[in-house]
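Read the structure below first, then the notes.
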Protein chains: 2
Amino acid sequence: MSTIKDIAKSVGLSVTTVSRALNDHYDVSEKTKQKIKQAAKELNYSPNSIARSLVMKKTRTIGLLVSELFREGVKDNFTFEVLSGINKCAGQLDYDLVLFSTNSAKQKVKTYTQLCKERRVDGVIISGIKTNDPYLKEIATSDIPCVLIDIPIKSDTVGFVTTDNVLGAKEAVRHLIGLGHTYIAFINGHEFAHVSKKRLEGYNEALEEANIPIQKEWILDGSFSDEVAEQKAAVLLKHYPEITAVFCASDLMALGVIRAANKLNIKVPEDLSIVGYDDIILASYVTPSLTTISQDKYQMGYQAAELLISMLENNTDPHQRLLNTKLIIRESTKLNTKIKS
Amino acid sequence: MSTIKDIAKSVGLSVTTVSRALNDHYDVSEKTKQKIKQAAKELNYSPNSIARSLVMKKTRTIGLLVSELFREGVKDNFTFEVLSGINKCAGQLDYDLVLFSTNSAKQKVKTYTQLCKERRVDGVIISGIKTNDPYLKEIATSDIPCVLIDIPIKSDTVGFVTTDNVLGAKEAVRHLIGLGHTYIAFINGHEFAHVSKKRLEGYNEALEEANIPIQKEWILDGSFSDEVAEQKAAVLLKHYPEITAVFCASDLMALGVIRAANKLNIKVPEDLSIVGYDDIILASYVTPSLTTISQDKYQMGYQAAELLISMLENNTDPHQRLLNTKLIIRESTKLNTKIKS
DNA sequence: ATGAAAGCGCTAACAG
DNA sequence: CTGTTAGCGCTTTCAT
């Protein structure tokens, strides 16, 4: 590997000049610039980003911190789509992306700050962690620039990107109400997800504005898991046969509910309408295909990266980005045929 | 940020000793070690991996090079699963993972070697590139340690992990033959995929061993895309109604073929048996669920990382790993009811 | 068992 | 426009 020193030697100039020429500084004559660049090419030079980072104290690298459930995320490839978006944006702005995977064992040994400082990332994007994650407190107070996905914390150094989950949920439920449903259950995620809180609000508000009483027993947590949702729904549907529609806080859970319905011989969508959330790939391929609230996960990633980098480069935009969701109507919802008593 | 210098000052020792103590060298007394580590904690020290990398000429970082089709990979999250596996293994062995995304524009500016040298990764894993990719020649000759996924190139510095695609395809076709099918078409990927070549071999061999003549017109490329496969299959099935089974080189394409069949009013599996390849998530969720050849994509990633790191650490294992595939029988294949004339 | 000194490859005052 | 000098934070001979 050749270094600027080699180039300097070969052209008979100082390393300073070489460095400046290679970085296209204005204060090097065009002629020497050419000569130096030529020599660099001949020597097959490529810059040592490590050395540069050391002196500049910038690595042009952003870290992506995802919780260990990474692998489980395979079913709904939410994380993957977010990652694609981040990767795209980072690439365009010439940043590198490094993946951190932590698990609770590691978290005990190394604090969030240590992790980041050690890796020398300029900033971090955090996705898929629960609101009770021990890292979260640290994040909020640390001085490492950071963008959270779907957790609304804002400070000088932390920002977030999310979607309007209240509205999203509201539209889902409104859709069901519009189809004549009034007995609408809700399978939510869990208490440590900010989106779950918001989607619950949306559900409640939609019912209220239609003067439909809220049945607490019809609101259950499914942990964002299809299995759990299936179990919960099985009990629920057996117990309350009057329910004609279920809103789920994720598509995966909606699939679980469909399975539960099938086993109980309840037909979807004839006897039971179901709307999911996320619009994962499966949603459109499954039978019946899923009516759902679509989130642009790729865009969330892209925006997160863009926001983070803008923060790194001292732009003073507000540290938050809000994306839209969209109701996608497919086969799993249908006009309510049971007359309301 | 505190440095070893600060620690040295605070305990009144030299930086050398501090460095050695922190790295648990044998030639530092237990007592001073303790003192130094204590001071490190108090000063909230965390090592600067950049500085260390600079002097050690090792970054403990591996790069993952994926082609631009990254985003398209969202449907079959093949890449994501591989990535999860790599990430897991890298994490366990305490390596960092950085993502490179290239596209043809960037490739023109920077050669593969430049890309890697600049990023200072110790080694690279490459997945999802075509055999005609310009980088490939460079890779084969470069001295950067590298592991390829599904491209069998081997040298001092390059290794690969793949599955037995001949056998996989053979088992798929044997399964169909076992069900009484003899008119079996094959939708392959494309000519620039090594796996496609191998799967074709497997298809041919399976037919040969059953004394079934090979029909060249029934072998088509679907580019690993569901749309292309759908089109191709539509024409094929209309033209040759005698076909009772189709083997596809990917599940995604199998889904395309099912769609084509549906549109032609050909029932799957009653009138047409279909077997896919990969066992992506969709395969088990779709109706009818897909009989397929399962590849453990997570494992491929894991093994690739493990192999690469073993190469980096000068282990002399053979630079290749071969994984098994498994036939998964689901709903899309069925006994052939049409009697062979 | 500890320290002094050199150097990894690069950038950035400062001086000319 | 170019060169001198210093230093980023760390590891590693080589002495002591």
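Below, chain A is the first sequence line, B the second, and so on; all start at residue 1.
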Contact residues, residues 45-60 of chain B to DNA chain C [heavy atom, < 4.0 Å]: Leu54(B), Val55(B), Lys57(B)
Toward the 5' end of DNA chain C, by each residue's nearest nucleotide, Ser19(A) or Lys5(A): Lys5(A)
Spacing of Glu30(B) atom CD relative to dA1(C) atom P, expressed in whole Å: 11 Å
Tyr298(A)-Gln303(A) side chain donor-acceptor pair, cut-off 3.5 Å: no
Nearest-angstrom distance from the residue atom NZ of Lys35(B) to P of dA1(C): 15 Å
With sequence neighbours excluded, residues passing side chain to side chain donor-acceptor pair (under 3.5 Å) with Ser310(B): Asp317(B)
Test item: Ile86(B) and Ile125(B) side chains (from C-beta on) under 4.5 Å apart, heavy atoms: yes
Side chains of Glu118(B) and Gln114(B), donor plus acceptor under 3.5 Å: no
Rounded distance in Å - NZ (Lys9(A)) to P (dC10(C)): 13 Å
Tabulate atom names and distances for all N/O pairs under 3.5 angstrom spanning the protein and nucleotides 13-16 of chain C.
none

Between Gln34(B) and Gln38(B), a side-chain donor and acceptor under 3.5 Å: no
Residue Asp156(B) excluded, over 12 heavy atoms near CG under 6.0 Å: no
For atom CG of Asn23(A) and atom P of dC10(C), their distance in whole Å: 10 Å
Gap between atoms NE2 and P, on His25(B) and dT2(C) respectively (whole Å): 14 Å
Neighbour count above 12 (heavy atom, 6.0 Å) for Lys154(B) NZ: yes
Geometric class of the His190(B)/Phe224(B) ring pair [parallel <30°, tilted 30-60°, perpendicular >60°]: perpendicular
Span of DNA chain D, from the first to the last nucleotide whose atoms fall under 4.0 Å of chain A heavy atoms: dC1(D) to dG9(D)
By side chain to side chain donor-acceptor pair (under 3.5 Å) - contacts of Thr17(B) (at least two apart): Ser14(B)
Side-chain ion pair, Asp24(B) and Lys37(B), N-O less than 4.0 Å: yes
Aromatic centroids of His319(B) and Phe160(B) separated by under 6.0 Å: no
Distance, rounded to the nearest Å, where Ile4(B) contributes CD1 and dA4(C) contributes C1': 14 Å
Contact under 4.0 Å: Thr32(B) side-chain N or O vs dA1(C) OP1/OP2: no
Full working for side chain to side chain contact (heavy atoms under 4.5 Å, CB included) between Tyr45(A) and Leu22(A): CA-CA 11 Å; Tyr45(A) 168 78; Leu22(A) 258 19; 3.8 Å; yes
More than 12 heavy atoms from other groups under 6.0 Å of CG on Asp27(B): yes
Axis bend over the full length of the helix from dA1(C)-dT16(D) to dG16(C)-dC1(D), computed from five pairs that close each end, to 10 degrees: 40°
Chi angles and distances behind the side chain to side chain contact (heavy atoms under 4.5 Å, CB included) call for Thr157(A), Ile144(A): CA-CA 6 Å; Thr157(A) 52; Ile144(A) 300 167; over 6 Å; no
Interatomic distance, Arg120(B) CZ vs dC8(C) P [rounded to whole Å]: 13 Å
Glu118(B) CD - dG9(C) P separation (whole Å): 15 Å
